[in-house]
Amino acid sequence: MAIRSIRTIGDAILEKKTKAVKEMTGRLKELISDMFDTMYDANGVGLAAPQVGILKQIFVVDIGDGKQYVAINPEITVVGEEVQTGEEGCLSVPGKEGVVTRPMHIKVKALDQNMNEYTLDASGFLARAFSHENDHLQGILYTEKVEGELEDVVYEELEEEEEI
């Protein structure tokens with residue numbers, strides 16, 4: 001498929017609310033496929049449609065649990081009382097991270113890529129990813145929820161082992 005350009009902080013589209021998807025089309029199927037390709041290319045775990053310039057209620061998530069999640073017109077229906085606080089980053093805020101508190105458990109109602117409704121009980125990192133991406137659909141960046149200051153991301157360089 002295709003790698004799309006990721007919009008970054010300061011782009012007005014990231015601050016806008018998205019519109020519900022009424023029907024699945026060939027273009028939307030292509031968009032979803034492109035979103036996964038774009039997310040993987042950027043080493044992300046989630047990507048929302050506004051991040052690639054599309055104001056539709058769609059996001060994709062892959063936290064490495066062997067599943068690819070597509071959420072169309074998602075609605076977080078239950079938010080657990082227990083919270084998690086940890087480092088969070090965003091493909092639209094490159095090179096930065098910050099501490100954000102999110103729910104430890106959520107229940108989400110959404111449509112999949114075939115427009116079939118599903119309900120998902122998400123905990124831990126999956127709940128964080130779904131909450132983060134759902135915020136994008138409301139025009140909210142994680143930077144609005146950071147506790148303290150944004151920090152520069154420090155990538156540890158991996159040394160290649162030499163063969164003997």
Side-chain angles (χ1 to χ4, degrees), residues 1-2 4 6-7 9 11-93 97-147:
M1 305 314 162
R4 297 192 182 210
I6 297 174
R7 306 291 182 96
I9 192 167
D11 189 318
I13 202 165
L14 296 174
E15 299 172 10
K16 295 182 179 180
K17 289 190 177 189
T18 54
K19 295 183 179 358
V21 174
K22 293 180 175 35
E23 67 177 325
M24 182 53 60
T25 64
R27 289 184 70 183
L28 287 179
K29 285 182 180 181
E30 182 178 334
L31 169 65
I32 291 167
S33 179
D34 289 354
M35 286 172 64
F36 274 113
D37 290 344
T38 302
M39 178 187 73
Y40 293 135
D41 184 66
N43 295 314
V45 297
L47 188 69
Q51 293 179 274
V52 292
I54 307 294
L55 287 173
K56 293 287 188 184
Q57 292 181 8
I58 302 172
F59 65 75
V60 299
V61 169
D62 184 342
I63 62 166
D65 64 357
K67 298 179 185 169
Q68 289 183 319
Y69 300 92
V70 175
I72 299 171
N73 303 339
E75 178 185 351
I76 296 177
T77 59
V78 176
V79 176
E81 291 183 24
E82 188 181 356
V83 296
Q84 57 179 313
T85 300
E87 294 290 336
E88 201 165 297
C90 180
L91 296 176
S92 290
V93 188
E97 64 185 12
V99 174
V100 178
T101 297
R102 300 252 187 214
M104 181 62 81
H105 307 283
I106 60 171
K107 183 177 271 191
V108 180
K109 182 174 80 172
L111 301 173
D112 66 15
Q113 62 270 24
N114 297 314
M115 299 299 279
N116 295 317
E117 187 175 296
Y118 69 91
T119 302
L120 175 71
D121 289 309
S123 297
F125 189 46
L126 186 59
R128 176 180 292 279
F130 266 69
S131 297
H132 176 112
E133 298 309 328
N134 197 61
D135 278 354
H136 276 297
L137 305 184
Q138 310 308 314
I140 299 169
L141 286 174
Y142 87 104
T143 54
E144 296 178 40
K145 298 184 174 196
V146 169
E147 301 164 18

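Residue indices begin at 1 and follow the sequence shown. Atoms considered below: every heavy atom in the structure, side chains included; atoms not considered: hydrogens, waters and symmetry mates.
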Trainee: Write down the atom of T18, the atom of Q57, and the distance for their closest heavy-atom approach.
Mentor: OG1-CG, 3.0 Å
Trainee: As an exercise, state the distance from CE of M104 to CD of E81, rounded to the nearest 0.5 Å.
Mentor: 13.5 Å
Trainee: How long is the gap from CD on E133 to CE on M35, to the nearest 0.5 Å?
Mentor: 7.5 Å
Trainee: With side-chain contact (heavy atoms from CB on, under 4.5 Å) as the test, would you mind laying out the steps for V21 and L111 before giving the verdict?
Mentor: CA-CA 10 Å; V21 174; L111 301 173; over 6 Å; no
Trainee: For N73 and A20, indicate whether the former's side chain and the latter's backbone hold a donor-acceptor pair under 3.5 Å.
Mentor: no
Trainee: Between atom OG of S92 and atom OH of Y142, what is the distance when rounded to the nearest 0.5 Å?
Mentor: 10.0 Å
Trainee: Around atom CD of E87, are there more than 12 heavy atoms from other residues, nucleotides or ligands closer than 6.0 Å?
Mentor: yes
Trainee: Does N114 use its side chain to pair, donor to acceptor, with the backbone of N116 at less than 3.5 Å?
Mentor: no
Trainee: So which atom in A129 and which in I63 form the shortest heavy-atom distance, rounded to 0.1 Å?
Mentor: CB-CG2, 4.1 Å
Trainee: Considering non-hydrogen atoms only, spot the tightest contact between N134 and P74 and give its length.
Mentor: OD1-CG, 3.3 Å
Trainee: Any idea which heavy atoms bring G53 and I13 closest together, and the distance?
Mentor: O-CD1, 3.3 Å
Trainee: Check salt bridge (Lys or Arg N to Asp or Glu O under 4.0 Å) between R4 and all other residues, then give those that pass, not counting sequence neighbours.
Mentor: D34
Trainee: Kindly compute the distance separating OG (S131) from CD (Q84), expressed to the nearest 0.5 Å.
Mentor: 8.0 Å
Trainee: Would you please name every residue forming a salt bridge (Lys or Arg N to Asp or Glu O under 4.0 Å) with K17, sequence neighbours left out?
Mentor: none
Trainee: Are side-chain heavy atoms of I72 and M115 found at a separation under 4.5 Å?
Mentor: yes
Trainee: To the closest 0.5 Å, what do you measure between CD1 (I6) and CG (L47)?
Mentor: 5.5 Å
Trainee: For a 4.5 angstrom cut-off between non-hydrogen side-chain atoms, does D65 reach F125?
Mentor: no
Trainee: With sequence neighbours excluded, tell me which residues meet ring-ring contact (aromatic ring centres under 6.0 Å, His included) with H136.
Mentor: H132
Trainee: Can you list every ring pair (Phe, Tyr, Trp, His ring centres under 6.0 Å) pair that touches residues 41-80, not counting sequence neighbours?
Mentor: F59-F130, Y69-F130
Trainee: Do L120 and L126 have side chains that get closer than 4.5 Å, going by heavy atoms?
Mentor: yes
Trainee: With a 4.5 Å heavy-atom cut-off, do K145 and T101 have their side chains touching?
Mentor: no
Trainee: Applying salt bridge (Lys or Arg N to Asp or Glu O under 4.0 Å), name anything that partners K107, two or more places apart in sequence or on another chain.
Mentor: D121
Trainee: Could you tell me the separation between the CG atom of L55 and the NZ atom of K16, rounded to the nearest 0.5 Å?
Mentor: 6.5 Å
Trainee: Given V52, which partner from the list L91, I58, L31 fulfils the side chain to side chain contact (heavy atoms under 4.5 Å, CB included) test?
Mentor: L31
Trainee: Hey, does D135 have a side-chain heavy atom less than 4.5 Å from the side chain of R102?
Mentor: yes
Trainee: The test is side-chain contact (heavy atoms from CB on, under 4.5 Å); show your working for Q113 and S33 and say whether it passes.
Mentor: CA-CA 10 Å; Q113 62 270 24; S33 179; over 6 Å; no
Trainee: Going by the rule salt bridge (Lys or Arg N to Asp or Glu O under 4.0 Å), which residues pair with D62 if we only count those two or more places apart in sequence or in a different chain?
Mentor: none
